[in-house]
Student: 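Starting off with a structure, shown below.
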Amino acid sequence: MTEVAERRELAERYDPAAIEPKWRARWEADNLYRTDDAAPGPKWYSLTMYPYPSGILHIGHWYAFAVPDVFARLQRMRGHNVLFPMGFDAFGLPAENAAIRNNIHPATWTFENIPAMREQFRQMGAMIDWSREVVTCTPEYYRWNQWLFLRMLERGLAYRANGSVWWCPNDQTVLANEQVLEGNVCERCGAQVSKRDLEQWYFKITEYAEELLRDAEGLDWPERVKTMQRNWIGRSEGARLSFALETGDTLEVFTTRPDTVFGATFMVLAPEHPLVPTITTEDRRAEVEAYAERARRETEIERQSTDVERPKTGVFTGAYALNPVTDERIPVWIADYVLMGYGTGAIMAVPAGDERDFRFARAFGLPIRVVVQPEDQEPLDPTTMTEAYHGPGVLVNSGELDGLRVPERMPDVLAWIEATGRGRREVTYRLRDWLISRQRYWGTPIPVVYCDGCGVVPVPDDQLPVELPLDAEFTPTGQSPLVSHAAFLHTTCPKCGGPGRRETDTMDTFVDSSWYWFRYTSPGEGALPFDPGRAGRWCPVDLYCGGIEHAILHLLYARFVTKVCRDLGLVGHGEPFVRLRNQGIILAAEGTKMSKSRGTQVGPDELVRDHGADALRLHLMYLGPWDQGGPWNDRGIAGMERFLRRAFALATEAGTGPSDGEAPAAEVRALQRLTHRTIAQVTRDLDGFQFNTMVAALIELVNGLMRLKDGPVARTPEWREALETLVLLMAPSTPYVAEELWERLGKPYSVHQQAWPSFDPELIREELIEIPVQVNGKVRDKLTVPADVTEDAARELALTSPRVQAFLAGKAPTKVVYVPGRLVNVVAR
RNA sequence: GCGGACGUGGCGGAAAGGCAGACGCAGCGGUCUUAAAAACCGCUGGGGGGCAACCCCCGUGCGGGUUCGAAUCCCGCCGUCCGCACCA
């Protein structure tokens, strides 16, 4: 090899290890990614769910963050003023648990982790505006959790109540309903949770149930997530009916089938229903109490068992109610299949129409009365039926309602019930209020003081933040750690000046994440949680990306708090995230969840070192559909690196200098067609979040150019255009190498401030197209015809094709199907 | 149990009801090299026929259906994943 050639080869070799740090430094020095509120262009707020500062970004984080970065960069090149901020969800149990394990303070642990993660984000090349960083465990941030809490307290949206709540014995704290997974398992640590009666703080999210349900319809969110939210909110329409008890008490029930009230032959209360002790007769008391006690113990595991076939259990209380429409005496039972937490904790049992009531009635020999007869089947007979019938039919045995067809005539039934004063229409939700207090240390102190004289006293705004003391003993004991911090606990009552005790519970960290995106718009704001003007300009978030695991928890709370902020007059909108996209989960190579403890977690650092951040970004995009995730493999990354080397070689090749050559017009047209077709496809794929096919289009462009580079078109202006277009199209995906190539093409810095290329549909159009010709649905020939071929010409060509003739074997075509520009199908049977 | 999504080469995956397997990985063959790596050029679903250019048959989990034409739409199975699950 000659010396010159050797130097050339060295100089032009793609070397990410040299390119990437160079441009990173330049971008930072120039504040290229600093977002200016006043910059021109329509705003675009791209947000990705902020990470927990665990200390390292694993490959799943890259998947979650690098891909949305591509989209944010696209929007920027399209002329939008883009906000793409980042922060840290810094309060919460992992810090506290890690702190306990390593004997280090959660604050120290957290603040040591953050710079390491920031560095990894820098490596990724994400266009994050770090000047807006939000760290939720700082007093500057959490004081606004407290401020929001106080506003909600004023409006009755925050309240303290006693109730049966979920308790995690491992994390030593209560949990919100949303944090308890199937099988009664703690969302955080996987431990079995159980119920306890405790007084806790709640946010009244149920106040917004209807609105949360209704507004979800209009969101551009994955249908799956919207369905999950709908199910969680669980709206049921029906009626509340009053049943008089012989004891003089009134028993209220909620039912979705008020039309079947004539068939209510007994009643069932939840074992913990408050009326149980009063109505139980003395002879039944021992048995009732024993059952209630057992139900209570078994609640967690048995009662919400996944086994639907579990036999029905229950006991008779000795009490009788009067059916409000038949005036019959009907027995009142208790059973664990009725839940205290839903409706009124009591039901009217209509065994003929409800499967659970039916099985209960059969188990205990209770009467069954058919009140809905199906119209097109044998009439139901209560003595022989083997299951309840809940389909449509005609009311029978129902007094003046007889003959009404249900469910069509339900409105008439409801009108009758209301007119006769037996009950009223009601809508019930499954959604419960959000339990926000936690008996742990590393969170936002709840800003209230307990005073013997004044009761619960809110901490005045001018005394915020109530700072979390850093010198507390935070080993979990089941009691809030702050209880044992005397200096924190003892304070003066803000109202009377007498001695007071501070609330020692801290807030659920989901409070932090329920409004953090507002804070990015004005991170230094000192008078309010955020500047309403700036938040109003940036919000709502145009595109929110994150994992599907937050489909209910975070996303429901965030929607709720946004509505509260709207009602406080802070913002004008009620929905925080216009468009939501979920990435899939990157699994370990074995197809199981990546786990740090099993050592199956993959880190990006080594891959970045060996292949470069650009190649890793591409590889992650190329793995498959982004919302699908899948098992990790690093086999393909070499291919992405190869692609980048080829692109690099193409754009830096000597022959691509001044372009003055002549080339055959057809070849030039073919080159332009390739270039513009690629622009169209890359743009369409990015808009559709189809990053894998977007990368394929880039590769195809490079492969196409490789085939042409030694020919005459490589000396034409169109060749320059193709190379420049390639680099522009690569810019969102591979920001480093695109910047390097842009410079080498002699273009002005920065590629990331260039306009996204547009395509000319005229140039994409083919002049000659190939049309397959089928005989009886099988491709037998191909016609090369002008793109604007007429139908008659295409048919004629197809029918006269020798191959078609041969396959027709003398039979006359019975039909010829022509799809313009696509295909001809000759049918002969 | 109910609801939803999915099932395509050795692998990841691509296909507005219209040429199945784009693109990448892996593999095989070749060029260059003393050699290897890198790079570049081919081939690569299965079966069969032909000296060859090529040609035929089968093929998108299984079984049916709709259609001129089905990976795509419909019905029934099987499997995987997800959500819900005594919510009155």
Side-chain angles (χ1 to χ4, degrees), chain A residues 1 9 13 182 222-225 227-228 230-232 234-236 238 253-258 260 264 267-268 270 303-310 312 335-339 341-350 353-357 359-360 428-432 548-549 551-552 584 591 618-619 622-625 627-640 642-643 645-646 649 681 690 692-700 702-703 706-707 770-782 803 813-819 821-829:
Chain A
M1 195 186 285
E9 177 146 296
R13 196 176 163 78
E182 183 180 339
E223 214 40 61
R224 226 149 76 82
V225 176
T227 304
M228 283 164 74
R230 261 196 301 274
N231 290 343
W232 187 261
R235 183 181 201 272
S236 293
V253 302
F254 172 76
T255 177
T256 53
R257 295 297 305 272
T260 63
M267 307 199 70
V268 188
R303 188 159 170 189
Q304 302 196 353
S305 154
T306 58
D307 181 8
V308 181
E309 293 309 306
R310 193 166 75 100
K312 289 271 178 277
D336 62 5
Y337 81 94
V338 174
L339 309 172
Y342 187 79
T344 63
I347 61 161
M348 65 173 201
V350 183
D354 181 281
E355 195 48 43
R356 299 151 300 179
D357 298 344
R359 288 187 21 236
F360 194 81
T428 293
Y429 301 90
R430 200 185 87 109
L431 181 69
R432 306 260 64 87
I548 188 110
E549 66 274 19
I552 295 174
L618 281 182
H619 178 60
Y622 203 60
L623 229 38
D627 58 0
Q628 203 173 290
W632 167 253
N633 77 75
D634 57 10
R635 287 193 307 277
I637 194 168
M640 295 303 108
R642 243 181 323 256
F643 159 71
R645 275 203 288 266
R646 286 153 67 88
Q681 201 189 326
Q690 313 214 284
N692 55 335
T693 49
M694 184 274 295
V695 175
L698 290 177
I699 294 172
E700 278 182 90
V702 166
N703 290 350
M706 286 295 285
R707 277 190 285 275
E770 198 176 61
I771 296 183
V773 182
Q774 299 181 333
V775 176
N776 292 329
K778 287 188 180 175
V779 178
R780 297 303 187 186
D781 200 4
K782 284 168 188 179
R803 284 190 48 81
T814 52
K815 184 175 180 180
V816 179
V817 179
Y818 175 66
V819 183
R822 300 288 302 195
L823 138 156
V824 184
N825 187 11
V826 181
V827 185
R829 285 278 138 80

Student: If you look at every strand shown and take non-hydrogen atoms under 4.0 Å, does N703(A) touch a base, only sugar-phosphate, or nothing?
Tutor: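 The answer is sugar-phosphate, as N703(A) gets under 4.0 Å only of primed atoms, P, OP1 or OP2.
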Student: Under the rule syn = chi within 90° of 0, otherwise anti, which is G63(B)?
Tutor: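 This nucleotide is in anti.
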Student: From the list A14(B), C68(B), C84(B), which nucleotide is the closest neighbour of the side chain of I552(A)?
Tutor: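 Nearest listed nucleotide: C84(B).
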Student: Checking contacts here: which listed nucleotide (G69(B), A22(B), C25(B)) is nearest the side-chain heavy atoms of N825(A)?
Tutor: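 Closest nucleotide among those given: G69(B).
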Student: If you check every side-chain atom of Q628(A), which of G13(B), G18(B), C86(B) has the closest atom?
Tutor: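 Nucleotide nearest to Q628(A)'s side chain: G13(B).
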Student: More 5' along RNA chain B: R642(A) or R646(A), using each one's nearest nucleotide?
Tutor: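 That would be R642(A).
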Student: Of all the choices, C57(B), A88(B), G13(B), which nucleotide is nearest to the side chain of P625(A) once you look at every atom?
Tutor: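 Closest of the options to the side chain of P625(A): G13(B).
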Student: Can you check whether Y342(A) has a side-chain N or O nearer than 4.0 Å to OP1 or OP2 of A88(B)?
Tutor: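 Yes.
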Student: Could you tell me which nucleotide pairs with U31(B) by Watson-Crick or G-U wobble geometry, both distances under 3.5 Å, or answer none if nothing does?
Tutor: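 Because both required distances fall under 3.5 Å, U31(B) counts as paired with A39(B).
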Student: Side chain of Q774(A), base of G18(B): donor and acceptor closer than 3.5 Å?
Tutor: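 It does, because a donor-acceptor pair links the side chain of Q774(A) to the base of G18(B) below 3.5 Å.
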Student: Quick one: which of C86(B), C25(B), A39(B) gets closest to the side chain of R635(A)?
Tutor: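 When the side chain of R635(A) is considered, C25(B) is the closest of C86(B), C25(B), A39(B).
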Student: Please measure how far the P atom in G10(B) lies from the corresponding atom in G3(B), and state the result in whole Å.
Tutor: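 Here G10(B) and G3(B) have their P atoms 35 Å from each other.
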Student: Please state the P separation for the pair A16(B) and G21(B) - nearest whole angstrom.
Tutor: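 13 Å, rounded to whole Å.
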Student: When you check the phosphate oxygens OP1 and OP2 of G69(B), does a side-chain N or O of R822(A) lie under 4.0 Å from one of them?
Tutor: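 Negative; the distance criterion is not met.
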Student: Could you say whether G777(A) or P772(A) is positioned toward the 5' end of RNA chain B, judged by the nucleotide with the nearest heavy atom to each?
Tutor: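 With G777(A) and P772(A) compared, the 5'-side residue is P772(A).
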Student: Can you check whether V827(A) reaches N776(A) side chain to side chain, under 4.5 Å on heavy atoms?
Tutor: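 When only atoms from C-beta onward are counted, N776(A) and V827(A) do touch, with a gap below 4.5 Å.
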Student: Need one value for R430(A): base, sugar-phosphate or nothing, where a base atom within 4.0 Å counts as base even if backbone is also close, heavy atoms only.
Tutor: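 Base contact.
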Student: Nearest 0.5 angstrom please: Y622(A) OH to L698(A) CG, how far?
Tutor: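 Output value for this atom pair is 10.5 Å.
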Student: Name the closest nucleotide to the V817(A) side chain, picking from G13(B), A88(B), G18(B).
Tutor: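 Closest of the options to the side chain of V817(A): G18(B).
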